[in-house]
**Student:** 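Attaching a single structure in structure tokens format; questions to follow.
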Amino acid sequence: MKPVILPDELDPRTLTLRQRCLQRKPYHIPMDGDPRIAARSLAASRGIPSWTLRRGLLSRDLLRGMPLEVDDLELLAGRLAADRPEWQAEREQALAELREKEPHLYTPGQTGHCQLDFSRLFALGIDGLKADLQARKAQTSGKTAEVYQSFWDALDGLSSMIENAGRTAEAARAGASARRAAELERMAAACRSTAHLPPDSFFEALQLLWLVILGTTFADRAWLISPGRLDRVLWPYYQADIEAGRMTPGEALVLIEALYLLLNENIPDGLAIAVMAGGRDSQGNDTTNPLSYLCLEALRRTRLVYPTVGICWHPETPRDLSELAVELITRGCPNPAFFGDETIQSGLKQYGVPPDEACEYINSTCVEITPCGSSNVWVASPYFSTPQILLDEIAAHVEAGTQPDTFDEFLAGFRARLAREIAAAAAAENQNREQRREFGGKPLQSVFTRDCIERGRDIDDGGARYNWVECSFVGLANLADSLHVLRGEVFEKRRLTLSQMHGLLRSNFEGNENERLRFLNGYPKYGNACPAVDELVGRVVEFARAECAKQRMEPDGSPFVPGAFCWIMHEMLGRACGATPDGRRAGFPFADGCGPAQGRERGGPTQAVLSVTSWDASPLIGGAAFNLKFGASLFNSAGPVERLRDLIFTFLSLGGFETQVNVVDASVLKDAQANPEAYRDLVVRIGGYTDYFTRLSPQMQAEVILRTEYGSL
């Protein structure tokens with residue numbers, strides 16, 4: 001099935017644009033929308049009593065004023081113009097005015113982190129959508145009519161923005177070569193058409209998809225909207241163009257690369273954007289198609305942080321798709337990742353997603369899962385520092401002068417404390433949701449989210465089909481390792497009391513290095529297929545799932561969904577946490593995701609896989625990443641590449657949620673620390689996302705280096 005892309009079909013411009021992106025990237029990206037435009041718009045609408053109507057006009061005005069650029073090689077329109085230093089004072093003044101006069105504009109809570117629904121747009125076009133909204137408004141009144149008007153105004157602004165993108169391309173034709181002028185006219189024509197009508201080619205569909213993502217982000221402050229399932233959304237256009245001879249696979253590849261470049265141009269570093277490929281449909285049939293391969297292949301030369309490309313793996317996934325992903329990984333491109341399609345679909349069904357929708361999911365940014373096109377899911381809201389909660393429980397006993405008789409009694413107290421933390425967090429998120437319901441509003445995102453139009457409700461007012469909140473439990477490996485040491489030291493061998501353990505931890509093991517080493521090396525650790533430790537992770541995960549299930553999220557009683565996703569929070573929360581009973585010193589990063597703590601998987605990658613799959617990850621729809629790290633020199637022959645592929649298949653077959661791999665020698669990372677200017681484009685996997693190694697904090701760089709580098713497979 002893998003398409004053959006001939007070398008002479010590949011356009012070398014991608015390599016040049018890649019370098020330009022790296023050079024342009026340091027400038028400030030005003031993705032929150034221009035505050036000067038926002039201040040003018042809100043000042044003009046201050047006499048309108050309805051915030052819903054004002055919010056629609058604000059989105060319209062932000063879109064009409066969006067500044068765009070195109071250079072002499074880009075093939076898709078939609079790069080935000082570079083911010084100018086002389087605008088900084090004006091921006092700061094406008095922001096101050098907004099915060100004084102419109103403080104409710106900056107409501108708390110998660111935004112974006114989703115894939116939009118393009119089905120209605122691709123069928124009707126913007127003008128068709130506007131006509132539908134006008135008809136719906138005519139049949140309603142009051143608040144619902146205002147909602148439809150706000151949607152209409154936002155769409156009107158989107159149409160203007162797309163027309164402006166076309167004018168930007170037209171203006172660039174002056175003085176261009178004949179070939180370049182033709183490329184620019186193609187871009188301009190696509191914008192002129194799709195500003196009103198449905199797309200009728202792969203090029204137009206891809207161009208429109210990007211401009212809608214950019215416009216929604218800019219107008220609604222909806223961050224990190226992903227392209228998502230490109231191999232499904234764009235497949236009808238790709239298939240039609242290939243069959244008609246209007247496009248070759250190589251030309252489609254260059255256009256996908258152009259999209260990837262725009263993602264990197266327009267999104268600040270340190271975040272995450274996702275594409276997914278493959279998987280099964282509602283009937284269990286594999287959905288892999290030639291576009292699935294191109295979504296992966298486009299990483300080969302772009303090789304920037306965005307996007308990650310997730311393979312939705314199941315036993316019938318074509319072997320050559322997986323082999324392409326593994327090939328890219330072993331050549332130092334960490335962007336591909338593998339997601340367990342059966343595990344994730346099972347989890348989604350547990351939260352009430354029907355089978356015909358459970359197959360349509362996206363890792364919204366890193367590894368958090370949200371339903372495609374119908375999500376108002378808040379992810380990583382909030383993060384729980386599970387080792388800190390353990391320390392709090394130990395300290396509470398010491399302060400009260402109590403000593404539990406058994407480990408199970410102590411564990412019950414820890415669980416009760418964790419339950420209180422979960423309940424308090426859910427209540428806080430519900431308060432944020434209420435503020436968003438009253439003072440939020442994302443009219444453009446609402447248009448592209450099922451079922452906001454049908455319900456006549458903004459996405460911030462419960463219009464979406466799915467309104468979960470996904471929290472995340474960080475440091476699970478450190479927690480399990482610590483509980484195992486506590487069980488042995490305090491309750492079984494009774495070497496120490498809780499008070500004595502508390503003293504060691506409070507002093508950060510000062511003068512007690514032998515005790516610390518006994519905790520660290522004298523007890524088996526998670527990641528070595530030791531049931532006594534592994535089952536502690538499973539018990540905590542099951543308890544967290546049950547406690548989260550007791551919570552209900554506004555506005556419609558949606559679930560509070562757990563995850564073990566950490567982004568960079570394993571380093572940040574670890575930095576804020578004291579020493580822990582597993583032998584970890586104060587301030588040291590926690591383990592990332594659901595894998596073992598750094599350097600503790602002494603039995604090699606296979607035993608680590610057995611530990612991570614020893615418990616049920618399917619309820620962790622909030623995400624559960626498993627990082628692997630190998631030295632690049634290991635993959636100089638075919639054998640290790642094949643064994644890595646088999647290791648990944650084993651992990652997924654045993655119920656693994658997601659795995660990602662760094663293939664880079666520690667010596668290279670250390671040299672990059674010393675000579676960052678020579679490694680500007682060195683990309684590594686962190687806690688579910690990719691980032692440039694040299695822009696990481698020194699603490700995070702050290703954490704990546706300290707991860708176990710497997711020397712064999």
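The basis for the numbers below is simple: all heavy atoms, side chains too, and nothing from hydrogens, waters or symmetry mates. Position 1 is the first residue of the sequence; numbering continues from there.
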**Student:** Tell me every residue that passes side-chain hydrogen bond (donor to acceptor under 3.5 Å, both in side chains) with R643, counting only those two or more places apart in sequence or in another chain.
**Tutor:**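 For R643, no residue satisfies side-chain hydrogen bond (donor to acceptor under 3.5 Å, both in side chains) once neighbours in sequence are set aside.
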**Student:** Distance check, rounded to the nearest 0.5 Å: T690 atom OG1 versus N335 atom CG?
**Tutor:**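 Rounded to the nearest 0.5 Å, the OG1-CG separation comes to 5.0 Å.
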**Student:** Would you kindly say whether T330 and E327 are connected by a side-chain donor-acceptor distance under 3.5 Å?
**Tutor:**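 Absent: no donor and acceptor within the cut-off.
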**Student:** Mark yes or no for whether N266, through its side chain, and L262, through its backbone, hold a donor-acceptor pair below 3.5 Å.
**Tutor:**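 Yes; at least one donor-acceptor contact below 3.5 Å.
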**Student:** Using atom types as modelled, flag every donor-acceptor pair under 3.5 Å from a side chain in residues 566-573 to any protein atom, sequence neighbours excluded.
**Tutor:**
unit_1	atom_1	unit_2	atom_2	d
W567	NE1	G270	O	3.2
H570	NE2	E703	OE1	3.4
E571	OE1	R575	NH2	2.6
E571	OE2	R575	NE	3.0
E571	OE2	R575	NH2	3.1

**Student:** Would the distance check show the side chain of Q110 and the main-chain N or O of V379 forming a donor-acceptor pair, the cut-off being under 3.5 Å?
**Tutor:**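 It does hold such a pair.
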**Student:** Any ion pair linking R417 and D392 (charged N to carboxylate O, less than 4.0 Å)?
**Tutor:**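 Result for this pair is no, no salt bridge flagged.
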**Student:** Which residue in the set D691, V704, T308 passes side-chain contact (heavy atoms from CB on, under 4.5 Å) when paired with R685?
**Tutor:**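 It is T308, the one option of D691, V704, T308 that forms the side-chain contact (heavy atoms from CB on, under 4.5 Å) with R685.
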**Student:** Got a second to check how far E513's CD is from R518's CZ, nearest 0.5 Å?
**Tutor:**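 Rounded to the nearest 0.5 Å, the CD-CZ separation comes to 12.0 Å.
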**Student:** Would you please say whether a donor-acceptor pair under 3.5 Å links the side chains of R602 and N521?
**Tutor:**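 Note: R602 and N521 side chains meet the donor-acceptor criterion.
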**Student:** I need the L261 CG to L17 CG distance, nearest 0.5 Å.
**Tutor:**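 CG of L17 is found 5.5 Å from CG of L261.
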**Student:** Would you check if C577 and L391 make a side-chain contact, meaning some heavy-atom pair closer than 4.5 Å?
**Tutor:**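 Result yes, sub-4.5 Å side-chain heavy-atom pair found.
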**Student:** Quick one: do the D320 and Y293 side chains pair a donor with an acceptor below 3.5 Å?
**Tutor:**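 Side-chain D/A pair, D320 to Y293: present.
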**Student:** Got a sec, which residues hit side-chain contact (heavy atoms from CB on, under 4.5 Å) with A298, two or more places apart in sequence or on another chain?
**Tutor:**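 For A298 the side-chain contact (heavy atoms from CB on, under 4.5 Å) partners, ignoring immediate neighbours, are L253, I256, E257, Y260.
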**Student:** Under the ring pair (Phe, Tyr, Trp, His ring centres under 6.0 Å) test, which residues partner F384, sequence neighbours left out?
**Tutor:**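 Per chain and number, F384 pairs via ring pair (Phe, Tyr, Trp, His ring centres under 6.0 Å) with F473.
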**Student:** Taking salt bridge (charged side-chain N to carboxylate O under 4.0 Å, His left out) as the definition, give me every residue that meets it alongside R232, ordered by chain and number, with sequence neighbours left out.
**Tutor:**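 Result, salt bridge (charged side-chain N to carboxylate O under 4.0 Å, His left out) vs R232: E360.
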**Student:** Can V683 and Y692 be said to form a side chain to side chain contact (heavy atoms under 4.5 Å, CB included), step by step?
**Tutor:** CA-CA 5 Å; V683 177; Y692 294 114; 3.8 Å; yes
**Student:** Who are the side-chain contact (heavy atoms from CB on, under 4.5 Å) partners of R303, not counting sequence neighbours?
**Tutor:**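 In terms of side-chain contact (heavy atoms from CB on, under 4.5 Å), with neighbours along the sequence ignored, R303 is linked to R18, C333.
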**Student:** Are F339 and V367 close enough that some pair of their side-chain heavy atoms sits under 4.5 Å apart?
**Tutor:**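 In contact.
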**Student:** Roughly how far apart are S637 OG and E642 CD, rounded to 0.5 Å?
**Tutor:**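 The OG atom of S637 sits 9.0 Å away from the CD atom of E642.
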**Student:** Do L296 and L321 have side chains that get closer than 4.5 Å, going by heavy atoms?
**Tutor:**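 The answer is yes, as the side chains (C-beta and beyond) meet within the 4.5 Å cut-off.
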**Student:** Set out, in order, the CA-CA distance, both residues' side-chain angles and the distance that settles side chain to side chain contact (heavy atoms under 4.5 Å, CB included) for R300 and L324, then state yes or no.
**Tutor:** CA-CA 10 Å; R300 190 180 299 275; L324 174 58; 3.5 Å; yes
**Student:** Is the closest side-chain heavy-atom distance between S558 and W378 below 4.5 Å?
**Tutor:**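 No. Closest side-chain heavy atoms not under 4.5 Å.
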**Student:** Would you please test D269 and K25 for salt bridge (charged side-chain N to carboxylate O under 4.0 Å, His left out) and show each step?
**Tutor:** CA-CA 8 Å; D269 295 343; K25 197 59 181 284; 2.7 Å; yes
**Student:** Would you give me the side-chain donor-acceptor pairs under 3.5 Å for residues 644-653, sequence neighbours excluded?
**Tutor:**
unit_1	atom_1	unit_2	atom_2	d
R645	NH1	E323	OE2	3.0
T650	OG1	D646	O	2.9
S653	OG	F649	O	2.7

**Student:** Once side-chain hydrogen bond (donor to acceptor under 3.5 Å, both in side chains) is applied, what residue pairs with a partner in residues 608-627 remain, sequence neighbours excluded?
**Tutor:**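 Matches after skipping sequence neighbours: Q350-S618, Y526-W615, D534-S611, D592-N627, D616-S618, N627-Q660.
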**Student:** Is a side-chain donor or acceptor of Y306 paired with a backbone partner of P268 at a separation under 3.5 angstrom?
**Tutor:**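 Answer holds: yes.
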**Student:** Is E535 paired with R539 through a side-chain N to carboxylate O contact shorter than 4.0 Å?
**Tutor:**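 A salt bridge links R539 with E535.
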**Student:** Are any of the side-chain heavy atoms of T386 and N478 separated by less than 4.5 Å?
**Tutor:**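 Answer no - side chains too far apart.
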**Student:** Main chain of T111, side chain of H113: is a donor-acceptor contact present, judged purely on distance under 3.5 Å?
**Tutor:**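 Checking the backbone N and O of T111 against the side chain of H113, a donor-acceptor pair under 3.5 Å is found.
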**Student:** I need the L536 CG to S482 OG distance, nearest 0.5 Å.
**Tutor:**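 Nearest 0.5 Å value for the CG-OG distance: 10.5 Å.
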**Student:** Taking T287 for the side chain and G279 for the main chain, is one N or O donor matched with an acceptor at less than 3.5 Å?
**Tutor:**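 Yes, because the side chain of T287 sits within donor-acceptor range (under 3.5 Å) of the backbone of G279.
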**Student:** Over 60° means perpendicular and under 30° means parallel, so classify the ring planes of F635 and F630, tilted if in between.
**Tutor:**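 Perpendicular: the ring planes of F630 and F635 meet at over 60°.
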**Student:** Quick check: does any side chain N or O of Q598 sit under 3.5 Å from a backbone N or O of F590, one acting as donor and the other as acceptor?
**Tutor:**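 Side chain of Q598 to backbone of F590: a pair is present.
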**Student:** Assess R229 against Y361: is NZ or CZ under 6.0 Å from the centre of the six-membered ring, and within 45 degrees of the ring's axis?
**Tutor:**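 Yes, R229 and Y361 form such a contact.
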**Student:** Under the side chain to side chain contact (heavy atoms under 4.5 Å, CB included) criterion, do V377 and C114 qualify, and how do the steps go?
**Tutor:** CA-CA 8 Å; V377 174; C114 64; over 6 Å; no
**Student:** I want to check something: taking the side chain as every heavy atom from C-beta on, are D582 and L479 in contact at a cut-off of under 4.5 Å?
**Tutor:**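 A side-chain contact is absent here, since even the closest heavy-atom pair is not under 4.5 Å.
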**Student:** Does A419 have any side-chain contact (heavy atoms from CB on, under 4.5 Å) partners at least two apart in sequence or in another chain, and if so, which?
**Tutor:**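 If we apply the side-chain contact (heavy atoms from CB on, under 4.5 Å) test to A419, skipping adjacent residues, the hits are F543, E547.
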**Student:** Ignoring hydrogens and angles, tell me if any N or O in the side chain of S375 forms a donor-acceptor pair with the backbone of C372 under 3.5 Å.
**Tutor:**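 A pair under 3.5 Å: no.
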**Student:** With side chains defined as the heavy atoms from C-beta onward, is the minimum distance between D681 and V305 less than 4.5 Å?
**Tutor:**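 They are not in contact (no side-chain heavy atoms under 4.5 Å apart), so the answer is no.
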**Student:** Can you tell me how far the CG atom of L259 sits from the CG atom of L230, to the nearest 0.5 Å?
**Tutor:**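 So the gap between those two atoms works out to 6.0 Å.
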**Student:** Return yes when atom NZ of K349 has more than 12 non-hydrogen atoms of other residues, nucleotides or ligands closer than 6.0 Å, and no otherwise.
**Tutor:**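 Counting neighbours around NZ of K349, more than 12 heavy atoms of other residues, nucleotides or ligands fall under 6.0 Å, so yes.
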**Student:** May I ask you to check whether E357 and Y466 show a side-chain donor-acceptor distance below 3.5 Å?
**Tutor:**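 There is such a pair (donor and acceptor under 3.5 Å, judged by atom type) between the side chains of E357 and Y466.
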**Student:** Show, in sequence, the C-alpha distance, side-chain angles and deciding distance for D665 and K670, and conclude whether the salt bridge (charged side-chain N to carboxylate O under 4.0 Å, His left out) test is met.
**Tutor:** CA-CA 9 Å; D665 292 328; K670 292 176 181 177; over 6 Å; no
**Student:** With sequence neighbours excluded, tell me which residues meet salt bridge (charged side-chain N to carboxylate O under 4.0 Å, His left out) with D231.
**Tutor:**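 D231 satisfies salt bridge (charged side-chain N to carboxylate O under 4.0 Å, His left out) with no residue once adjacent residues are dropped.
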**Student:** Determine whether V663 and P334 make a side-chain contact, defined as any pair of heavy atoms from C-beta on separated by less than 4.5 Å.
**Tutor:**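 No, side chains not in contact.
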**Student:** Quick one: salt bridge (charged side-chain N to carboxylate O under 4.0 Å, His left out) partners of E542, sequence neighbours excluded?
**Tutor:**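 Salt bridge (charged side-chain N to carboxylate O under 4.0 Å, His left out) check on E542 returns R545.
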**Student:** Taking only residues two or more places apart in sequence, or in another chain, which ones meet A426 in a side-chain contact (heavy atoms from CB on, under 4.5 Å)?
**Tutor:**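 Result, side-chain contact (heavy atoms from CB on, under 4.5 Å) vs A426: Q551, M553, F560.
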**Student:** Step by step, work out the side chain to side chain contact (heavy atoms under 4.5 Å, CB included) result for V561 and C471.
**Tutor:** CA-CA 6 Å; V561 177; C471 56; over 6 Å; no
